[in-house]
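Read the structure below first, then the notes.
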Amino acid sequence: MASKITPRATDYSQWYIDIVLEAQLADYSPVKGCMVIRPRGYALWEKMRDILDRKFKETGHSNAYFPLLIPESFMKKEAEHVEGFAPECAVVTIGGNEPLEEPYVIRPTSETIIWSMYKKWIQSYRDLPILINQWANVLRWEKRTRLFLRTTEFLWQEGHTAHETKEEALEEALKMLMVYKSFVEEYMAVPVITGLKTQSEKFAGAVNTYTIEAMMQDGKALQAGTSHDLGQNFAKAFDVTYQTREGKLEHVWATSWGMTTRLIGALVMVHSDDKGLVLPPKLAPTELAIVPIYKNENKAAVLEFARQVRDDLKDRFAIDLYDDDQSSPGFKFAQTELLGVPLRLEIGQKEIEKGELVLARRDTGAKTGVPKTALADTVKSQLEEIQNNLFHRALAFRKEHTREVKDYETLLALMNGDGGFADAGWCGDAACEKKIKADTKASIRVLPLGREDGRHATCVVCGKKAHSDAIIARAY
RNA sequence: CGGGAUGUAGCCUAGCGGCUAAGGCGCCUGCUUUGGGAGCAGGAGAUCGGAGGUUCAAAUCCUCUCAUCCCGACCA
């Protein structure tokens, strides 16, 4: 049978959609722009959520829950915030058949309702810091949607913290950025660049936005997590003050940070291939698939052997035994590959006789013979190798598709041609940033952290003295 | 919000004025099979997206409408 997946080279967009649908991560819903996250997709989200949640707790945060509905007037209190979010808000105007006195906005993000509460909860420096996170759904009326990458409703977590000082808030924002980086790199095996967003790309209402940016297999950038230094913007909008250690009254300093189900889209686009999904072992709901291969005359013996192997390993690994009778081994092989199971064990008469089972890797396709006695250790080490290989493969891909660019002609050729990341200097002038966007549809994704001294002396657009380095790319 | 495309069985598609809407995949039953997406036989499953119109006759032509996808402008 022909593959269900459109090859990447034929149509990258369609390839992505095919993978998401065929691997049963999600399905289109009856509501425009919304999607149903199916069990296989939700299992990924649960794993990601659990790992991050643990990291948040380890860094001192607590979970809470704030309402879905926000009084419309709240959204209007912070000037930039309302301007940024008004176009994508859905508003509830009727309740119980009666027009509402004041309409409610369905949260596109929760800063306003949270800061209205923080005003009640904060009086003195003794009440600080407040370190709260919530796992929730949010709604943004998007003009154009894509499975996982941009849907009208999506799941996320949003951390909202309040601090005594500017420095402490900045430290928090950067700390959480690093939590995201370590999660995405260690668990998702997706290398990211951390950095500062330009003023035009920052969150509506923030002083500064920091993000992690990843490169997809088509060379486009994807923002995989954000952390905002909110300064005193929301404290001022909601008049949240505290009595300082010196007895003075001052506005509180704030951060917010979030990551979303979009990350599942990143996971798909970074690792998968034309055969289907490829999952990093640390997030794969099934780590090992066992496919028994039998004929009528040896069916009972092979199945028994396979079940024994499963039972031996089941306490150490998440295993799926493909012991149904209806489909052929070839079909099962293809199925495990479509679903992205990292390792597949093939057990037939030959293996039983030799005492050596065939272990197939999803990432490379390599098959190796493994003595039954060494199985558990080999599975463990191969899972680690796959995790490692996926990260390094993605990192190598990013390096291959990142060019240091010194002059504007080269930037134009690159962004309008092969794509990828351009590493260039930028003078800090919004006009130069705008020009890049107008000429290439690419944008400054991030001003990388840890490179404040700068690799580039001059702005790639105007040639004046560079203010910082910039990663430029087309983006999702 | 502009541009493009598509709506016929769970999925993909044929039919593009004329008899009872056709095929493939999938599904169900039975048998045979099983080392890279199995075979045979039988079976279930469709108010042709919706509304109006033209016509002796509409899945097919016209108008309107709804929905979805893709590509652009805006965004996690």
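Just so you know, these numbers come straight off a predicted model, no measurement behind them.
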Taking CG from A/Asn298 and C1' from B/U33, how many angstroms apart are they, rounded to a whole number? 13 Å

Contact class for A/Phe154 (heavy atom, under 4.0 Å): base, sugar-phosphate, or nothing? base

In Watson-Crick or G-U wobble terms, both distances under 3.5 Å, what is the partner of B/U68? B/A5

What's A/Glu337 touching, base or sugar-phosphate or nothing? Going by heavy atoms closer than 4.0 Å. base

Between B/C61 and B/U20 - C1' atom distance, rounded Å: 24 Å

Can you tell me how far C1' in B/U8 sits from the matching atom in B/U34, rounded to whole Å? 36 Å

Residues A/Arg362 and A/Asp273 bridged, charged N to O under 4.0 Å: yes

Distance in angstrom units between A/Gln24 CD and B/G10 P, rounded: 18 Å

Counting side-chain heavy atoms from CB outward, which of B/U33, B/U68, B/A76 is closest to A/Asp325? B/U33

Nucleotide of B/G72, B/C70, B/U34 approaching A/Lys441 most closely (side-chain heavy atoms): B/G72

Whichever of A/Thr226 and A/Asp11 has its nearest RNA chain B nucleotide further upstream toward 5': A/Asp11

Could you tell me the Watson-Crick or G-U partner of B/C48, where both distances fall under 3.5 Å? Say none if there is no partner. none

A/Lys197/A/Glu213 ion pair, N-O < 4.0 Å: yes

Rounded to whole Å, how long is the line connecting atom CG of A/Leu147 with atom C1' of B/A76? 15 Å

Carboxylate-amine/guanidinium proximity below 4.0 Å for A/Arg140 and A/Glu153: no

Using a heavy-atom cut-off of under 4.0 Å over every strand shown, decide if A/Thr145 touches base, sugar-phosphate, or nothing. sugar-phosphate

Would one find a side-chain N or O of A/Arg146 under 4.0 angstrom from OP1 or OP2 of B/C71? yes

Closest to the A/Tyr294 side chain: B/U34, B/G36, B/G35? B/U34

What integer number of Å spans the C1' atoms of B/G17 and B/C62? 13 Å

Show your working on side-chain contact (heavy atoms from CB on, under 4.5 Å) between A/Lys202 and A/Glu80 and close with a plain yes or no. CA-CA 11 Å; A/Lys202 73 174 186 188; A/Glu80 269 188 29; 3.3 Å; yes

For B/A38, is there a stacking contact with A/Phe331, counting only centres under 5.5 Å and planes under 30°? no

With a non-hydrogen cut-off below 4.0 angstrom, is A/Ile17 in contact with a base, only sugar-phosphate, or nothing? sugar-phosphate

Among the nucleotides B/A73, B/U68, B/A76, whichever has the atom closest to the side chain of A/Lys143 is B/A73

Determine the Euclidean distance between corresponding C1' atoms of B/A38 and B/A5; express it in Å to zero decimal places. 37 Å

What nucleic acid atoms does A/Ser327 come within less than 4.0 Å of, heavy atoms only: base, sugar-phosphate, or nothing? base

Base, sugar-phosphate or nothing for A/Glu351? Non-hydrogen atoms, less than 4.0 Å. base

Rounded to whole angstroms, how far apart are CD1 on A/Ile293 and P on B/A38? 13 Å

Closest approach to the side chain of A/Ser13, judged atom by atom: which nucleotide of B/G36, B/C70, B/A76 is it? B/C70

With distance as the sole criterion, do the side chain of A/Gln335 and the base of B/G37 form a donor-acceptor contact below 3.5 Å? yes

Suppose you measure atom C1' in B/C11 against the same atom in B/U54; what distance do you get, rounded to whole Å? 34 Å

Using a 4.0 Å heavy-atom cut-off, does A/Glu142 contact any base of the nucleic acid, only the sugar-phosphate backbone, or nothing at all? base

Check: A/Lys367 side chain, B/G36 base, donor-acceptor under 3.5 Å: yes

Would you say the rings of A/Trp45 and A/Phe148 are close, in the sense that their centroids are separated by under 6.0 Å? no

Is there, by distance only and without an angle test, a donor paired with an acceptor across the side chain of A/Arg144 and the base of B/G2 below 3.5 Å? no

When the ring centroid of A/His81 is compared with that of A/Trp115, is the distance short of 6.0 Å? no

Base, sugar-phosphate, or nothing for A/Lys350, non-hydrogen atoms under 4.0 angstrom? base

Check every strand shown and say whether A/Gly258 touches a base, only sugar-phosphate, or nothing at a heavy-atom separation below 4.0 Å. nothing

Just to confirm, is there a sub-4.0 Å distance from OP1 or OP2 of B/A38 to any side-chain nitrogen or oxygen of A/Ser328? yes

Should the pair A/Glu346-A/Arg344 be classified as a salt bridge under the 4.0 Å nitrogen-to-oxygen rule? yes

Suppose you measure atom P in B/G37 against the same atom in B/A44; what distance do you get, rounded to whole Å? 31 Å

In whole angstrom, what separates A/Gln326's CD from B/C27's C1'? 12 Å

Atom pair distance, as rounded to whole Å: CG in A/Asp18 and P in B/G37: 21 Å

When you compare B/A57 with B/G53, how far apart are their P atoms, in angstrom units rounded to a whole number? 12 Å

Looking only at B/G36, B/G35, B/A76, the nucleotide nearest the A/Ala334 side chain is B/G36

With a non-hydrogen cut-off below 4.0 angstrom, is A/Gln14 in contact with a base, only sugar-phosphate, or nothing? nothing

Please determine, for B/U29, whether a Watson-Crick or G-U wobble partner exists with both distances under 3.5 Å, and give it or none. B/A41

Please report, rounded to the nearest Å, how far the C1' atom of B/A76 is from the CZ atom of A/Phe85. 9 Å

Could you tell me whether the side chains of A/Thr6 and A/Asp18 share a donor-acceptor contact shorter than 3.5 Å? yes

Return the pairing partner of B/U55 with a 3.5 Å limit on both distances, Watson-Crick or G-U wobble; otherwise return none. none

With rounding to whole Å, what would you report as the distance between B/U33 and B/C40 at their C1' atoms? 11 Å

Atom-to-atom span, CG of A/Asp27 to P of B/A67 - whole angstrom: 19 Å

Identify whether the distance between the nearest side-chain nitrogen and carboxylate oxygen of A/Lys437 and A/Glu201 falls below 4.0 Å. yes

